[in-house]
Protein chains: 2
Amino acid sequence: MSAMDEVFKALADASRRSLLDRLHAENGQTLNELCEGLEMTRQAVTKHLAILEDANLITTIRHGREKLHYLNPLPIHQIGERWIRKFERSKLAALSELKRQLEKRDE
Amino acid sequence: MSAMDEVFKALADASRRSLLDRLHAENGQTLNELCEGLEMTRQAVTKHLAILEDANLITTIRHGREKLHYLNPLPIHQIGERWIRKFERSKLAALSELKRQLEKRDE
DNA sequence: ATAATAGGCAACCAAATGGTTGCATGTCAA
DNA sequence: TTGACATGCAACCATTTGGTTGCCTATTAT
């Protein structure tokens, strides 16, 4: 699986995006902190975090018996640069072409 | 399911992203055109296109017995604006904080 | 030392996903 | 008008996914 594919797959789940949001609000949280207030078991959160780590979206550091989770914003940035920008460049062109076609169908 | 969630889910599959790429290269293709060269059946492509259409990533127009597919770049743009930008703003801050922590663990 | 705390591992489960095949329908061309 | 072409629909299938429970290990605090 390509690196970018892993990132897209990791971002596809709302729970995982919300975990990234929480780390964005406060970086360096432990597993237990990240579990607080969530409607799923610790093990479910562990799995989500593992997927995010595999996709390189977070980095972890063991500190005694705690595991601290840190956001890595680089892959998200790359999705923006390498993938989304490509489609934005042609945005206006695509919309105007669609409009032309929509009008054309009544011929 | 929220609109943005649907977009993220739709983008999670490499085949679907490749379909968007093909439409980006040449907009307004028919189903059969989009099937050419792909290693899956027409029905599989139909399903992918339906998911992309539900997520509002493409718009279709029936033209006789053909169905033309057009890219809608707006949702992709919104992912960039509403989601990715948020993380980019704190990019440098997050990286420097991680660095600090990495150094701190040897204390 | 030992109890409490933080996390890890593995088996299991239901539902969603990505794909198939077979057949039906609608439209165009000879 | 009839055959070929473009697409649609539905049932079915294997695998992946997101979650659970139960138990184990490692670290800290009393």
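Keep in mind the model is a prediction, meaning the values are calculated, not measured. The sequence lines fix the lettering, A, B, ..., with proteins before strands; numbering per chain opens at 1.
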Legend entry - Leu71(A) side chain near Leu20(A) side chain, heavy-atom distance below 4.5 Å: yes
Inset, instruction - May I ask you to evaluate whether Asn32(B) reaches the phosphate of dC5(D), defined as a side-chain N or O under 4.0 Å from OP1 or OP2? - result: no
Inset, instruction - List in chain and number order the residues that pass side chain to side chain donor-acceptor pair (under 3.5 Å) with Gln78(B), two or more places apart in sequence or in another chain; answer none if no residue qualifies. - result: none
Legend entry - Side chain proximity check, Leu11(A) to Leu57(A), heavy atoms < 4.5 angstrom: yes
Inset, instruction - With sequence neighbours excluded, tell me which residues meet salt bridge (Lys or Arg N to Asp or Glu O under 4.0 Å) with Lys9(A). - result: Asp5(A)
Inset, instruction - Keeping to residues at least two apart or across chains, list the salt bridge (charged side-chain N to carboxylate O under 4.0 Å, His left out) pairs with something in residues 35-58 of chain A. - result: none
Inset, instruction - With sequence neighbours left out, write down each residue that passes side chain to side chain donor-acceptor pair (under 3.5 Å) with His48(A), or none if nothing qualifies. - result: Arg16(A)
Inset, instruction - For Glu6(B) and dT17(C), give me the distance from atom CD to atom P, rounded to whole Å. - result: 11 Å
Legend entry - Integer-rounded Å distance: dT5(C) P and Glu33(A) CD: 15 Å
Inset, instruction - Find the distance Glu36(B):CD to dA6(D):C1' and express it as a whole number of Å. - result: 13 Å
Legend entry - Residues that Glu81(A) engages under side chain to side chain donor-acceptor pair (under 3.5 Å), provided they are two or more places apart: Arg85(A)
Inset, instruction - Write down the distance between CG (Asp5(B)) and P (dT17(C)), rounded to a whole number of angstrom. - result: 10 Å
Inset, instruction - Using the closest heavy atom to pick a nucleotide of DNA chain D for each, name whichever of Lys9(B) or Leu31(B) lands nearer the 5' end. - result: Leu31(B)
Legend entry - Pairwise side-chain contact, Ile79(B) with Pro75(B), heavy-atom cut-off 4.5 Å (strictly under): no
Inset, instruction - Write down the distance between CG (Asp54(B)) and C1' (dG18(C)), rounded to a whole number of angstrom. - result: 15 Å
Legend entry - Of His48(B) and Thr30(A), the one whose closest DNA chain C nucleotide lies more 5': Thr30(A)
Inset, instruction - Between protein and nucleotides 24-30 of chain D, map the contacts as a letter string: B base, S sugar-phosphate only, - none, heavy atoms under 4.0 Å, written 5' to 3'. - result: ---BB--
Inset, instruction - Let me know the distance between CD1 of Ile61(B) and P of dA6(D), rounded to the nearest Å. - result: 19 Å
Inset, instruction - Let me know the distance between CG of Leu68(B) and C1' of dT27(C), rounded to the nearest Å. - result: 14 Å
Legend entry - Residue-level proximity of residues 39-47 of chain A to DNA chain D when a heavy atom falls under 4.0 Å: Met40(A), Thr41(A), Gln43(A), Ala44(A), Lys47(A)
Legend entry - Given His63(A), Arg62(A), Gln29(A), Glu33(A), the one that forms side chain to side chain contact (heavy atoms under 4.5 Å, CB included) with Leu68(A): His63(A)
Inset, instruction - With sequence neighbours excluded, tell me which residues meet side chain to side chain contact (heavy atoms under 4.5 Å, CB included) with Ala12(B). - result: Ala12(A)
Legend entry - DNA chain C-proximal residues of residues 12-22 of chain A, any heavy atom under 4.0 Å: none
Inset, instruction - State which residues pass side chain to side chain donor-acceptor pair (under 3.5 Å) with Asp21(B); sequence neighbours excluded, sorted by chain then number. - result: Lys86(A)
Inset, instruction - Take atom CD1 of Ile51(A) and atom P of dT16(D), then tell me their distance rounded to the nearest Å. - result: 13 Å
